[in-house]
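For reference, the structure is listed below as structure tokens.
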Protein chains: 2
Amino acid sequence: MKRSERLIAMTNYLIEHPHQLVSLPFFTDVYDSAKSSISEDLGIINERFQKEGIGRLQTVPGAAGGVKYIPLNSKEKSESFVDELANKLEDPDRLLPGGYLFMSDLLGDPQTVRNIGRLFATHFAEHSIDVVVTVATKGIPLAYAVASFLNVPVVIVRRDPKVTEGSTVSINYVSGSSRKIQTMVLPKRSFSQGTNVLIIDDFMKAGGTINGMKSLLDEFEANVAGIGVLAEAEDEEEERVVDDYVSLLQISNVDIKNKKIDVHRGNLFQG
Amino acid sequence: MKRSERLIAMTNYLIEHPHQLVSLPFFTDVYDSAKSSISEDLGIINERFQKEGIGRLQTVPGAAGGVKYIPLNSKEKSESFVDELANKLEDPDRLLPGGYLFMSDLLGDPQTVRNIGRLFATHFAEHSIDVVVTVATKGIPLAYAVASFLNVPVVIVRRDPKVTEGSTVSINYVSGSSRKIQTMVLPKRSFSQGTNVLIIDDFMKAGGTINGMKSLLDEFEANVAGIGVLAEAEDEEEERVVDDYVSLLQISNVDIKNKKIDVHRGNLFQG
């Protein structure tokens with residue numbers, strides 16, 4: 001196969017298989033080319049990916065080695081994306097009772113969701129995540145987007161058990177915003193002990209829901225390796241119960257009376 | 001920029017922007033190259049994409065023209081993927097009460113979900129879909145996967161209204177399997193009249209849920225342009241109430257007593 005054709009095919013293959021070790025013999029077989037040509041191709045691709053700000057190829061040496069595509073957003077790409085998102089969210093028409101923000105339209109756009117996933121995957125690229133966990137329903141698209149870039153499975157915590165889940169483990173927790181006792185449920189065989197879990201959710205106020213997920217994961221002796229929320233907002237009634245998280249956006253100065261709101265970059269961009 | 005570098009960058013750009021018209025001047029500007037070079041690049045990419053069985057570039061002529069990447073799975077790719085999936089699902093340990101099948105592990109794998117999305121997007125590539133609709137919660141990842149390949153937004157029908165949705169329209173319907181009256185809810189400003197909707201869901205027995213979605217969409221005077229379900233199974237108690245759908249998998253001969261089940265290709269592969 002010609003170099004030009006190989007570059008197209010390999011670029012597609014690598015993009016479709018992020019965080020996955022691909023052996024050089026795989027490429028030499030599939031594209032019927034010499035190892036030296038493939039190595040050279042990978043060098044060109046690696047350099048271009050970095051210049052495009054979409055990630056890099058990591059070389060794993062040795063007999064069981066190969067290359068891995070690590071999707072990484074450049075700082076400029078991440079910042080301009082988040083600033084644009086903040087701009088859209090600052091529209092006062094989005095204000096809902098209780099200081100919530102209408103975001104369904106933005107979370108309904110697959111491109112936006114994939115960009116959010118790419119951003120979290122960049123941040124957690126080196127955290128050895130085994131699985132992404134979210135709670136139904138708004139966090140689901142975000143969790144899949146992150147997981148598809150990290151190449152790990154998704155497990156969904158439910159509010160109610162379903163027949164299609166088999167036997168389940170459940171806990172009760174106090175929701176920060178409604179102050180009601182709520183239930184969370186996970187299928188019994190969701191994780192083995194010591195699994196490294198990344199929690200992803202769309203919105204956090206006091207953090208009651210995320211705290212609930214942490215308690216549920218404790219029941220499985222899973223390890224919370226990271227927490228990522230799209231947007232965090234202050235809760236006037238309750239102090240935050242979660243502190244080790246990253247947010248893409250921070251919502252502040254919510255003034256329902258005067259229809260004003262501030263949305264800016266979250267703590268992922270600080271320091 | 002050199003051809004080799006352009007091919008990598010353009011391949012990435014096109015894959016990340018399916019079903020989106022990209023003008024030639026965009027490419028000549030970004031990659032600082034002559035129109036003739038870009039045209040030649042696109043020819044090479046188009047040919048390679050088709051040979052890889054991942055889709056093709058559609059050329060739109062005229063001043064407002066350009067190219068569009070249409071993701072299309074080759075028949076062989078689709079069939080081998082679905083046969084593998086059927087194989088995994090035929091495991092009798094997956095049988096659940098009521099003739100349901102445990103699929104959470106497969107639907108938790110982002111690669112599998114993206115492949116399912118690619119398959120539906122191939123089938124509905126020419127159907128002028130404006131939006132993908134699903135019902136919470138199992139259909140959500142599939143809906144996003146399809147929508148990301150078709151480059152259209154997702155709207156999620158809920159079982160219960162949420163404060164973060166604003167005002168809503170709701171209908172009641174009879175579920176085929178539980179024969180209970182259930183509710184479905186959509187935000188009031190979800191669609192404008194005449195919107196072409198693709199309904200996506202994970203599982204269909206009698207089709208009560210999908211029929212409910214159709215009734216709800218009628219309230220918005222939206223047009224159901226297609227229905228896709230991952231798996232369909234016979235319902236012994238009720239006749240099917242939906243007929244104009246495509247399925248990737250058909251489940252039959254469910255024998256809970258003897259722990260047997262047949263899973264084969266769905267009607268999308270017939271005729």
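Residue numbering restarts at 1 for every chain, and letters A, B, ... go by the order of the sequence lines.
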Original post:
Under 3.5 Å, is there a donor-acceptor pair linking the side chains of A:Ser4 and B:Arg3?
Top reply: no
Original post:
Just checking, any donor-acceptor pair under 3.5 angstrom between side chains of A:Arg114 and B:Ser148?
Top reply: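 Looking only at side-chain atoms, B:Ser148 and A:Arg114 do not form any donor-acceptor pair under 3.5 Å.
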For [X], which atoms come within 4.5 Å of any heavy atom of chain A: side chain, backbone, both, or neither?
X	result
B:Phe49	side chain
B:Met10	neither
B:Asp41	neither
B:Glu52	side chain
B:Val152	backbone

Quick one: which of [options] has the most heavy-atom pairs under 4.5 Å with chain B, could you say?
options	answer
A:Val154, A:Leu107, A:Ile8	A:Ile8
A:Glu5, A:Glu47, A:His17, A:Lys2	A:Glu5
A:Ala136, A:Ala147, A:Pro141	A:Pro141
A:Thr137, A:Ile54, A:Val155	A:Thr137

Original post:
Is A:Asp29 atom CG crowded by more than 12 heavy atoms from other residues, nucleotides or ligands, each under 6.0 Å away?
Top reply: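 More than 12 heavy atoms, drawn from other residues, nucleotides or ligands, come within 6.0 Å of this atom.
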Original post:
Between B:Ile44, B:Val132, B:Leu14, B:Asp105, which residue shows the highest count of heavy-atom pairs closer than 4.5 Å to chain A?
Top reply: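 Between B:Ile44, B:Val132, B:Leu14, B:Asp105, the count favours B:Ile44.
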Original post:
If you count heavy-atom pairs under 4.5 Å with chain A, which of B:Ser190, B:Ala9, B:Ala145 comes out on top?
Top reply: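 Option with the top pair count is B:Ala9.
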Subject >> Pairwise distance CD1(B:Ile156) to CD1(A:Ile140) - rounded to 0.5 angstrom >> reply: 7.5 Å
Subject >> Point-to-point distance, once rounded to the nearest 0.5 Å, from CD of A:Glu16 to CG of B:Asn115 >> reply: 8.0 Å
**OP:** Report yes if some heavy atom in the side chain of A:Gln20 is under 4.5 Å from a heavy atom in the side chain of B:Gln111; otherwise report no.
**Re:** yes
**OP:** Indicate yes or no: at least one non-hydrogen side-chain atom of A:Met1 is less than 4.5 angstrom from one of B:Arg48.
**Re:**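 Side chain of A:Met1 against side chain of B:Arg48, heavy atoms only: contact under 4.5 Å found.
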Subject >> For B:Thr11, the option from A:Thr11, A:Leu7, A:Ile15 that meets side-chain contact (heavy atoms from CB on, under 4.5 Å) >> reply: A:Thr11
